[in-house]
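Only a predicted model underlies this, so the values are computations on that prediction, with no experimental measurement involved. Computed from heavy atoms alone, side chains included, the values below leave out hydrogens, waters and symmetry copies.
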Amino acid sequence: MEAKPSYKLSAAAESFRPTLMGRDYAISCGHYLAALAAARILDRGGNAIDAGVAAAMALAVLQPDIVSFAGVAPTLIYSAHNREVTSLAGLGHWPRATSLERLRAEGGQAIPEGLLRTVVPAAPATHIEALRRFGTISFAEAAAPAAELATQGFGMYRMLANSLAADVASYARWPSSAAVFLPGGRAPEVGSLFRQQDLGQTISAMIAASERASGGREAKLQAAEDYFYRGPVAQAIHDFHVANDGFMRKEDLAEFRVPVEGTHSIQFGEYEVHAGGAWCQGVLLLQTLASLRHVDLRAMK
């Protein structure tokens with residue numbers, strides 16, 4: 001009788017998930033469809049910044065409970081050419097009409113929930129500035145995956161489904177939010193097709209504006225930015241704030257520019273670690289690492 005072979009999985013092979021390897025690039029982000037969008041950009045000859053912008057815009061569609069397409073986009077860019085790190089301060093400022101007295105009156109010790117928390121949307125301008133200064137592709141190429149995912153939808157995955165289900169009461173307070181995140185009046189189920197039609201139309205309209213613009217790549221990037229910050233999107237934001245007693249006005253959006261800054265950095269062992277300014281959480285990482293530089297971490301097990 002022939003003996004059956006004995007197979008024993010090593011400690012490194014206990015999972016059937018593959019260990020990913022590659023020769024040309026690596027991509028790490030919060031959802032595989034965003035990584036796929038970035039990979040397609042790289043495979044077509046785009047550079048790392050092109051791919052990063054495409055992934056970031058896609059993630060704003062795929063992870064809307066974490067980041068908004070019109071939210072914040074703190075961005076660090078490393079140039080291997082000159083070995084410099086640049087920070088795009090992707091955080092909007094408060095509208096000019098912001099009233100501290102009203103915030104205190106309505107929120108007490110905290111900024112009140114809802115519309116009054118709105119700062120100028122920074123992410124679209126930040127992504128376009130990254131493409132302008134460091135990228136090579138058009139806005140249309142970078143934004144196409146985000147537009148497709150928003151319009152055609154994607155399969156609801158468990159992490160997002162759990163997040164939306166946990167916050168049903170919060171989303172239900174705002175009709176415009178409930179219409180998107182509680183379709184049919186309930187949180188989407190895992191495996192269902194999740195669409196964000198209005199967002200898809202906005203991104204597609206920005207793409208169309210950029211493609212209609214005469215001139216070269218710079219003019220087309222500017223046209224996409226203008227559509228959002230000085231055109232129909234800015235007007236819609238203005239009108240919504242006026243109708244709902246918010247602070248934002250179209251002038252706030254029209255005047256917004258992305259600050260381009262140097263970074264803060266520290267040396268931690270063999271690594272040089274960079275972060276943005278005090279407008280983001282990055283400095284906390286640097287403080288933490290600085291406090292650990294003289295601690296023997298290996299000995300602490």
Side-chain angles (χ1 to χ4, degrees), residues 10-15 17-39 41-42 46-60 62-63 65-69 71-93 119 122-136 142 159 163 257-301:
S10 68
E14 290 178 353
S15 171
R17 291 184 179 182
T19 299
L20 302 181
M21 303 179 186
R23 295 186 301 272
D24 300 317
Y25 58 76
I27 302 165
S28 178
C29 54
H31 195 285
Y32 66 92
L33 289 176
L36 178 60
I41 296 294
L42 292 172
N47 67 19
I49 287 77
D50 297 325
V53 169
M57 287 194 283
L59 284 172
L62 292 161
Q63 296 181 317
D65 58 326
I66 298 175
V67 64
S68 168
F69 184 85
V72 300
T75 302
L76 297 181
I77 295 176
Y78 171 71
S79 170
H81 175 68
N82 55 22
R83 299 181 64 84
E84 291 182 354
V85 185
T86 301
S87 170
L88 303 184
L91 174 66
H93 49 70
V119 295
T126 304
H127 297 323
I128 291 171
E129 189 65 22
L131 290 174
R132 181 183 288 123
R133 288 176 175 264
F134 303 100
T136 65
M159 183 177 291
S163 175
R257 300 293 185 275
V258 178
V260 180
E261 307 172 340
T263 63
H264 299 285
S265 65
I266 68 163
Q267 194 71 29
F268 186 76
E270 62 182 299
Y271 299 104
E272 187 178 282
V273 184
H274 290 256
W279 51 269
C280 74
Q281 302 106 314
V283 291
L284 180 59
L285 170 64
L286 301 187
Q287 289 175 327
T288 303
L289 293 177
S291 69
L292 293 173
R293 279 188 294 197
H294 304 295
V295 175
D296 187 357
L297 294 176
R298 295 183 184 276
M300 296 175 69
K301 298 183 180 180

Student check: side-chain heavy atoms of His93 and Trp279 closer than 4.5 Å
no

Is Arg293 close to Val295 at the side-chain level, that is, under 4.5 Å between some pair of heavy atoms?
no

If you measure only the distance, is there a donor-acceptor pair under 3.5 Å linking the side chains of Glu272 and His274?
yes

Sub-4.5 Å side-chain heavy-atom contact between Gln267 and Val273
no

For atom OH of Tyr25, is the number of surrounding heavy atoms from other residues, nucleotides or ligands below 6.0 Å larger than 12?
yes

Please report the closest heavy-atom contact between Ser87 and Leu76, naming both atoms and the distance.
CB-CD2, 3.8 Å

Atom CZ in Arg133, atom OG in Ser79: separation rounded to 0.5 Å?
13.0 Å

Are any of the side-chain heavy atoms of Phe268 and Leu286 separated by less than 4.5 Å?
no

Could you tell me the separation between the CE atom of Met57 and the CD1 atom of Ile128, rounded to the nearest 0.5 Å?
7.5 Å

How long is the straight-line distance from CD1 of Ile49 back to CZ of Arg132, given to the nearest 0.5 Å?
15.0 Å

Test side chain to side chain contact (heavy atoms under 4.5 Å, CB included) applied to Ile27 and Leu42, step by step
CA-CA 10 Å; Ile27 302 165; Leu42 292 172; 4.0 Å; yes

Looking at CG of Leu88 and NE2 of His127, how far apart are the two atoms once the value is rounded to the nearest 0.5 Å?
10.5 Å

Are a donor atom and an acceptor atom from the side chains of Asp50 and Thr136 found within less than 3.5 Å of each other?
yes

Residue list, ring pair (Phe, Tyr, Trp, His ring centres under 6.0 Å) with His31, at least two apart or on another chain
Tyr157

Can you find a heavy atom in the side chain of Tyr78 that is under 4.5 Å from one in the side chain of Glu84?
no

May I ask you to test the Pro124-Thr126 pair for a side-chain heavy-atom distance under 4.5 Å?
no

Nearest 0.5 Å, what's the CD-CE distance between Gln63 and Met159?
8.0 Å

Would you say Leu59 and Cys29 make side-chain contact, with heavy atoms under 4.5 Å?
yes

Ser265 side, atom OG; Leu289 side, atom CG - distance, nearest 0.5 Å:
11.5 Å

